[in-house]
**Q** 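Attaching a single structure in structure tokens format; questions to follow.
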Amino acid sequence: MSKSPPTLRLDRLLANLGYGSRREVQRLVVMGFVTLDGVPLTDSDQRIVITPDLSARMTVDDEPLDPPPGMVVVMNKPIGVTCSHKEQGPLVYSLLPERWRRREPAISTVGRLDKDTSGLLLMTDDGALLHKIISPRSNVTKRYDVTLDRPLRGAEENIFASGELMLESETTPLLPVPMEVASPTRAFVTLTEGRYHQVRRMFAAVGNHVTALHRDRIGSLSLPDDLPAGEFRILGAADLALVFARA
Ligand code: URA
């Protein structure tokens with residue numbers, strides 16, 4: 001049996017999406033600024049069924065409602081922004097619309113990319129989904145396009161695939177990491193783990209240095225070609241399913 005969609009009181013829904021305090025959004029409703037299927041809603045106690053198409057059916061001040069709770073964002077993370085809610089300097093969250101920063105539950109990144117790493121980053125307000133993606137049990141792979149300072153020596157592919165590579169100050173070896181060589185100074189590696197600075201430390205362990213790192217795939221979901229650095233879009237259910245599909 002499929003689960004019926006959740007419901008929320010209209011004022012709670014709007015307040016949780018960052019449109020204002022409960023009292024402020026009640027005023028928006030009374031003034032007729034909120035519509036559903038073209039009809040102004042007048043009762044802020046009314047329960048709204050949270051369906052994925054709600055943004056297409058509800059407007060606030062003549063604009064489509066922000067994505068309802070349970071949203072997933074795909075971003076092309078640029079270099080120079082940090083995946084953190086609290087660190088100093090530019091944060092990935094500052095690339096999202098201002099109102100989204102007041103959402104409850106808050107939007108979080110699904111895992112992290114280093115400040116100097118670019119590419120495919122997922123963000124969501126759905127904690128259960130976030131944990132499912134990053135859980136080792138889900139085996140969701142992440143592919144990185146790696147540019148190196150020095151040419152590959154030839155042994156890296158076997159060393160990374162061995163399941164025996166131990167990173168400095170760690171006590172368990174890395175799971176096998178498949179590598180595809182693209183040129184003497186460029187390779188793709190596919191991780192199933194997400195250890196701290198893993199790709200940079202793997203290449204440091206074989207005497208090289210990563211000069212550019214870009215994530216281009218999570219599971220079978222590729223970074224869209226038409227998504228410029230610093231931009232994002234909402235991920236639909238079909239694309240989300242690709243995250244869990246074998247690459
Ligand atoms: N490995 C790294 O070293 N950095 C990242 O951002 C991701 C994987």
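Nothing fancy with the numbering, it's 1 onward along the sequence. What you see is a predicted model; the values in this text were computed from it and never measured. Atoms within each ligand, like the ligands themselves, are counted from 1 in listed order.
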**Q** Kindly check if the number of other-residue, nucleotide or ligand heavy atoms within 6.0 Å of CG (D62) is above 12?
**A**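 Counting other residues, nucleotides and ligands, CG of D62 stays at 12 neighbours or fewer.
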
**Q** Quick one: do R201 and E168 make a salt bridge, cutoff under 4.0 Å?
**A**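 Result for this pair is no, no salt bridge flagged.
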
**Q** Can you see whether Y144 engages R215 through a side-chain donor-acceptor pair at a distance of less than 3.5 angstrom?
**A** yes

**Q** Do you know which two heavy atoms are closest between V92 and M75, and how far apart they sit?
**A**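 In this case the closest contact between V92 and M75 is O-CE, 3.8 Å.
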
**Q** Backbone N or O of M71 within a donor-acceptor pair of the T124 side chain at under 3.5 Å?
**A** yes

**Q** Salt bridge or not between K77 and D114? Use side-chain N to carboxylate O under 4.0 Å.
**A** no

**Q** Distances only, to 0.1 Å: what are the N or O pairs between ligand 1 and the protein that fall under 3.5 Å?
**A**
unit_1: ligand 1; atom_1: 1 (N); unit_2: V199; atom_2: N; d: 3.1
unit_1: ligand 1; atom_1: 3 (O); unit_2: H197; atom_2: O; d: 3.2
unit_1: ligand 1; atom_1: 3 (O); unit_2: Q198; atom_2: N; d: 3.4
unit_1: ligand 1; atom_1: 3 (O); unit_2: V199; atom_2: N; d: 3.2
unit_1: ligand 1; atom_1: 3 (O); unit_2: R200; atom_2: N; d: 3.1
unit_1: ligand 1; atom_1: 4 (N); unit_2: D114; atom_2: OD2; d: 2.7
unit_1: ligand 1; atom_1: 6 (O); unit_2: D114; atom_2: N; d: 2.8
unit_1: ligand 1; atom_1: 6 (O); unit_2: D114; atom_2: OD2; d: 3.4
unit_1: ligand 1; atom_1: 6 (O); unit_2: T117; atom_2: OG1; d: 2.9

